[in-house]
Amino acid sequence: MTSEEIFAKLKEKFGDKILETDTEAVQPIATVDPASIAEVCEFLKNEPDLDFKFLNCLTGVHINKVEEEEEEKLRVVYNMESLVIKHKTALDVIVPISKPNVPSVTSVWKTANWHEREAYDLMGIVFDGHPDLTRILCPEDWEGHPLRKDYVVQEFYQGMKVPYPEEEPKQEEKEEK
Amino acid sequence: MPEIKTEDVYIELGRHPKAGFAAEDLILQMGPQHPSTHGVLRLECVTDGEIIKKAVPKIGYLHRCFDKHAENENWQQVIPYTDRIDYLASMNQNFSYAITVEKLMDIEIPERAEYIRVIVSELQRIASHLIAFGTYGLDMGAFTPFLYAFRDRETILDFFEKICGGRLLYNYIWIGGVSHDLYDGFKEECMKFLDYFEEKIHNEYNPLLSFNKIFIERTANVGIITPEQAIDYGLTGPCLRGSGIDWDLRRDDPYSIYDRFDFEVIVGKGEKGTVGDSWDRYMVRIWEMVESIRIIRQALQQIPEGDIISEKVGKVVKVPKGEVYGRTETPRGELGFYLISEGGKGPARLKSRSPCFSNLCVIEEMSQGYMLADLVAILASIDIVLGCIDR
Amino acid sequence: MTETLTNPVLTLLRLIPGVETLSDGMQVLLSGFLAGVILFAFIAVFALYAVYLERKVAGHVQDRLGPMEVGWHGLLQTIADAIKLLNKEDFAPKDVDTKLFTLAPFLVFMTALSVFVVFPYDSQVSIANLNIGIFYVIAISSIAVPAVIMAGWSSNNKWSLFGAMRSAAQIVSYEIPVGLSIICVIMVVGHMGMQEIVEFQGGGFWKWVIFRSFPFNFIAFFIFFLGSLAEVNRTPFDLPEAESELVAGFMTEYSGMRWAFFFLAEYGNMLAVGLVGAALFLGGWQPPFEFLSFVPGWLWFILKALVLIFVQIWLRWTLPRLRVDQLMYVCWKVLVPFAFVCIIGVGLWEVLT
Amino acid sequence: MGRYFRDIYISVFTVLKGMYVTMLHFFSKSVTVQYPKERLEIPKGSRNQLLNIIEDCIGCDQCVRACPVNCIYMETIKSFEGDELGETSTGRKKSLWIPSFTIDMAKCCFCGLCTYPCPTECLIMTDVYEYSKHDRNDLIFEFADLDPIKAAELREKDAIRKKEKEAAKLAKLKAKEAAAKAKAEKEAAEEGKTPEKKPEDNPDKKTDNSGEENS
């Protein structure tokens with residue numbers, strides 16, 4: 001099925017919960033209201049002629065500030081695919097940075113478990129209902145979320161100096177010799 | 001400082017009978033430094049004697065924040081970083097990054113470059129599967145297959161060194177084509193190697209390890225992944241095909257010129273045990289090497305003359321604004337890149353969806369009830385590379 | 001059989017002047033001590049060159065050359081290794097049960113060493129010709145089990161404990177098939193002394209026990225060989241020090257000279273098993289054909305043992321490793337039943353013919 | 001019962017087949033090379049240690065920008081009048097002194113991206129791969145061959161020149177403000193006649209100033 005039909009089916013089932021759909025772009029994508037992302041994914045997976053049983057990728061994105069007054073936004077993109085009907089689609093969800101809560105889709109696809117933990121770890125998006133939302137790549141007690149645009153590396157981690165010494169390695173030694 | 005009694009520490013950690021922890025359970029850290037975890041992976045196993053109750057993988061020891069690096073580099077400079085995601089199959093990593101960017105730029109690649117790309121990534125698939133075969137034998141205690149595998153892999157590395165200069169990390173497939181042309185003696189040498197290698201698979205690797213009864217006993221009916229479980233956990237590549245699902249990106253979502261070659265997609269049929277056990281995943285890799293040989297032979301015959309990089313890509317690569325998810329079939333599965341570009345000097349956001357990351361997360365549920373030695377067999381059958389998991 | 005066999009070591013001892021003055025008991029004690037020194041030297045030298053042989057065979061099997069650097073074609077390589085191990089720091093990890101930790105390697109090496117006392121090196125030459133020779137060998141080889149558990153438990157490391165438990169289970173359970181296959185031999189020969197067993201097999205290779213009561217003793221030999229492989233922890237039964245799972249099993253925490261003792265014990269056991277196999281089944285120092293008897297007997301004995309050792313090494317570089325429960329399956333479900341069948345077969349054969 | 005015997009038969013058969021394969025290899029030729037004595041020859045284009053032929057280097061900074069791990073550090077000083085810098089081997093006039101050109105081989109990732117944009121092909125990848133050192137700082141290779149005294153002297157001249165430039169810029173700025181102030185007073189004098197014209201040309205003047213300061 002082409003992405004128009006898929007989005008049409010979604011709109012007809014979920015109505016206003018599908019905020020906007022963009023089919024001309026290189027990758028057609030539908031923005032979904034954050035609260036209902038779990039139901040939409042459940043529908044996409046169990047609907048016989050959609051059959052999106054395979055979640056390819058779940059990406060956390062930090063949209064940089066476009067207008068002055070609004071606060072920054074975080075975005076989660078879901079790429080999914082059906083191995084039987086061989087068609088794929090993409091959904092995304094936009095949440096403000098102050099309240100980055102997105103319902104977890106681990107109940108729909110088990111592969112989302114680790115992908116969501118990684119999005120939480122690197123981007124700071126909190127997935128409600130996730131079985132064990134802990135850091136997966138950085139150490140458990142690491143501060144801050146590295147992939148955010150405003151991320152500053154912490155000075156010390158358990159007494160070890162973190163930032164790489166920035167000064168030129170060459171110049172000083174040359175003079176001293 | 002009050003003297004800390006080890007018993008209190010254990011109680012506080014909940015690993016003491018007073019803290020309700022069964023006496024015979026043993027917490028075993030199959031730690032980051034262990035001969036058969038294929039890299040720095042820590043498996044925290046709760047074992048009852050030799051039987052594993054729970055094995056929780058802890059990853060992140062080799063996390064080099066590829067996504068963060070990609071944001072500060074321009075389009076061309078990201079390629080050496082993609083080499084290092086799955087350092088055993090760097091050609092395929094460059095290939096999928098180049099495919100993603102070209103999908104966004106929507107440019108045409110010269111024919112010869114397309115053929116070189118296919119030849120080179122199929123050679124890399126053979127080299128990577130050779131490592132999987134060698135380390136599997138090593139984990140099962142047979143030393144010799146590992147050295148036979150590396151002896152044959154040396155010839156492939158020599159080809160790559162003559163073509164592009166690197167032996168393990170190549171920075172060879174660029175956006176818009178490839179960086180160097182094939183050296184002139186390549187075709188005959190490669191043909192000779194392929195004949196030699198195909199004969200080696202059939203009457204050296206298989207009798208020595210694949211059909212050895214002890215090896216079959218150790219791997220058949222061990223680590224069974226059902227097809228539903230495989231799809232649900234997002235497994236891809238030989239792990240997915242080992243569970244009987246006929247899905248190969250090279251045929252089902254053909255990128256570059258893979259639709260011009262006829263090759264067979266190998267699917268696990270459960271010859272020696274049930275479908276989806278470790279032996280199936282292992283045999284899928286062995287027969288995939290034979291298929292790759294077929295592809296390379298066809299590509300070597302049909303390769304045209306011509307230039308190797310498209311003119312439209314100048315010194316500075318310009319990519320229009322947009323988002324795309326591009327992927328290719330690497331030896332370990334589907335490596336996908338979710339690329340967001342704001343038309344700037346480099347990618348705004350580049351998320352790498354690595355195959356081993358999803359392939360490993362099935363181990364927690366699947367390894368219950370097996371013995372410690374089976375855990376090693378299961379790990380080797382999923383063929384994980386820690387660079388690919390931690391990125 | 002002459003009971004008052006002249007003890008070669010005793011005669012050797014008497015060569016030293018001023019020994020006759022000591023009392024008889026002291027002389028026997030000293031000869032025992034001298035025998036220990038000779039055996040230790042023999043095993044140490046042999047173990048060094050067994051390691052060299054193993055690395056060379058491994059090399060050539062894997063299309064490479066093995067050690068080539070030290071000495072001509074690496075002949076001095078293992079001596080260099082031994083010296084390196086000698087001056088390595090004598091390190092024991094923290095909170096290790098030091099008494100057991102230090103005792104274990106010597107106990108393991110003691111069992112390997114004490115088995116050699118009873119072997120018939122040549123027609124009259126053996127250090128102590130016990131009339132219960134082969135029974136003594138089986139008894140001694142089971143002393144290694146507590147020593148291995150001692151090593152595993154005292155190094156306070158979960159992996160070593162796993163290795164020790166596996167090794168104990170393996171050695172204990174593989175003694176049964178080895179014992180049963182030896183019973184087949186004793187039934188044919190009728191005597192337990194090693195010297196007498198070898199003399200029984202005189203006169204050409206068709207007289208060897210392996211070809212007596214044909215199918216059964218032949219199978220008994222293979223059961224013995226497989227069982228002894230397991231007792232020596234060699235592939236495909238090298239579970240206790242399975243590199244890929246338990247790092248090095250009970251030997252993980254040992255380094256330097258203590259580890260060298262374990263290593264020496266392993267190769268000593270390998271030689272011991274080869275020699276027992278040669279003595280019991282392949283006619284010890286008896287030449288395969290009468291007209292070849294000008295070659296000294298002990299050379300035949302060593303040659304046959306070397307053939308068996310070569311096969312053990314060859315197996316190590318070909319086969320993967322068994323899992324613990326498969327190991328037990330092979331022992332109890334395959335080797336022991338076949339051993340029983342062989343015993344019945346040999347028994348009937350002896351009675352009928 | 002059948003399976004039991006079939007299993008035994010298969011295991012004995014496959015073990016013997018495996019031993020046959022390894023026995024074949026026991027007699028085949030070894031494929032290894034005794035490294036320190038014999039060496040494999042390195043193909044032409046192989047990427048090992050970087051080398052910069054400093055005579056041809058014109059200090060164009062392309063390689064520093066192209067390096068993904070920023071491991072090339074280069075310091076260039078514009079040539080003063082009357083300095084004789086000589087030409088590159090291809091006869092191209094050199095205009096920049098290079099007191100120091102270092103490559104930190106410990107950081108280098110051997111991708112070769114720096115060798116492609118080099119206009120004079122002076123930065124090449126040699127086939128030297130045995131350059132391991134004990135101390136990581138020794139891996140920082142210095143390629144510039146300017147003797148330290150000349151380099152120090154050049155640096156002073158450069159510092160002086162920079163100060164003069166700063167002073168000149170400051171002076172120009174002051175002169176511009178003075179002119180602007182003078183113009184403002186003149187307009188204030190005419191203000192009585194045409195009040196509305198003044199506001200729109202004031203902002204352009206302001207932007208010129210700020211534009212200038214930024215450059």
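Note that the structure is a prediction, hence the values are computed from the model and not measured. A note on names: the letters A, B, ... follow the listed sequences, proteins ahead of strands, and every chain is numbered from 1.
Residue B:Leu235 touches chain A through its backbone alone, counting heavy-atom pairs closer than 4.5 Å. Residue contact with chain B, scored on non-hydrogen atoms closer than 4.5 Å, is absent for A:His62. Proximity to chain A (any heavy atom under 4.5 Å) is shown, for B:Phe357, by both the backbone and the side chain. In this structure, the portion of B:Glu334 lying under 4.5 Å from any heavy atom of chain A is its side chain and not its backbone. Heavy atoms closer than 4.5 Å to chain B are found nowhere in A:Arg117, neither backbone nor side chain. Looking at B:Tyr338, the atoms closer than 4.5 Å to chain A (heavy atoms on both sides) all sit in the side chain, from C-beta outward. In this structure, chain A has no heavy atom under 4.5 Å from any part of B:Asp246. Proximity to chain B is absent for every atom of A:Met80, based on heavy atoms less than 4.5 angstrom apart. Both the backbone and the side chain of B:Cys361 come within contact range of chain A, with heavy atoms under 4.5 Å apart. Using a 4.5 Å cut-off between heavy atoms, B:Glu365 touches chain A through its side chain atoms alone. The contact between A:Asn56 and chain B is made by backbone and side chain atoms together, counting heavy-atom distances below 4.5 Å.
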Between B:Ile340 and A:Arg75, does the side-chain contact (heavy atoms from CB on, under 4.5 Å) criterion hold? Intermediate values first, please. CA-CA 12 Å; B:Ile340 298 172; A:Arg75 180 169 163 248; 3.9 Å; yes

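Counting heavy atoms from C-beta on, the side chains of A:Trp114 and B:Ser358 never come closer than 4.5 Å. At a threshold of 4.5 Å between non-hydrogen side-chain atoms, the residues B:Arg391 and A:Leu137 count as touching. Counting only heavy atoms from C-beta outward, the side chains of A:Glu81 and B:Tyr325 never approach each other to under 4.5 Å.
B:Arg353 has no carboxylate O lying under 4.0 Å from a charged side-chain N of A:Glu118, or vice versa, which leaves the two without a salt bridge. A salt bridge between A:Lys110 and B:Glu364 is absent, with no side-chain N of the basic residue lying under 4.0 Å from a carboxylate O of the acidic one.
Side-chain N or O atoms of B:Asp232 include none that pairs as donor or acceptor with a backbone N or O of A:Trp109 at under 3.5 Å. Here the side chain of B:Arg349 pairs a donor or acceptor atom with the backbone of A:Gly60 at under 3.5 angstrom. Between the side chain of B:Lys68 and the backbone N or O of A:Pro146 there is at least one donor-acceptor pair closer than 3.5 Å.
The line from NE2 of B:His63 to SG of A:Cys138 is 4.5 Å long, rounded to the nearest 0.5 Å. Distance CD1/A:Ile136 to NZ/B:Lys58: 9.5 Å, rounded to 0.5 Å. Taking NZ from A:Lys88 and CG from B:Asp253, the interatomic distance works out to 4.0 Å, rounded to the nearest 0.5 Å. Considering CD1 of B:Ile245 and CZ of A:Phe54, their distance stands at 9.0 Å, rounded to 0.5 Å. In this structure, CG in A:Asp22 is found 9.0 Å from CD in B:Glu323, a value given to the nearest 0.5 Å.
Around the CD atom of A:Glu155, the shell of radius 6.0 Å holds more than 12 heavy atoms that belong to other residues, nucleotides or ligands. Counting heavy-atom neighbours within 6.0 Å of A:Glu42 CD, excluding the residue itself, gives a total above 12.
The greatest number of non-hydrogen atom pairs below 4.5 Å with chain B, out of A:Leu122, A:Leu55, A:Val77, is found for A:Val77. Considering only heavy-atom pairs separated by less than 4.5 Å from chain B, the leading option among A:Ile29, A:Thr111, A:Val26 is A:Thr111.
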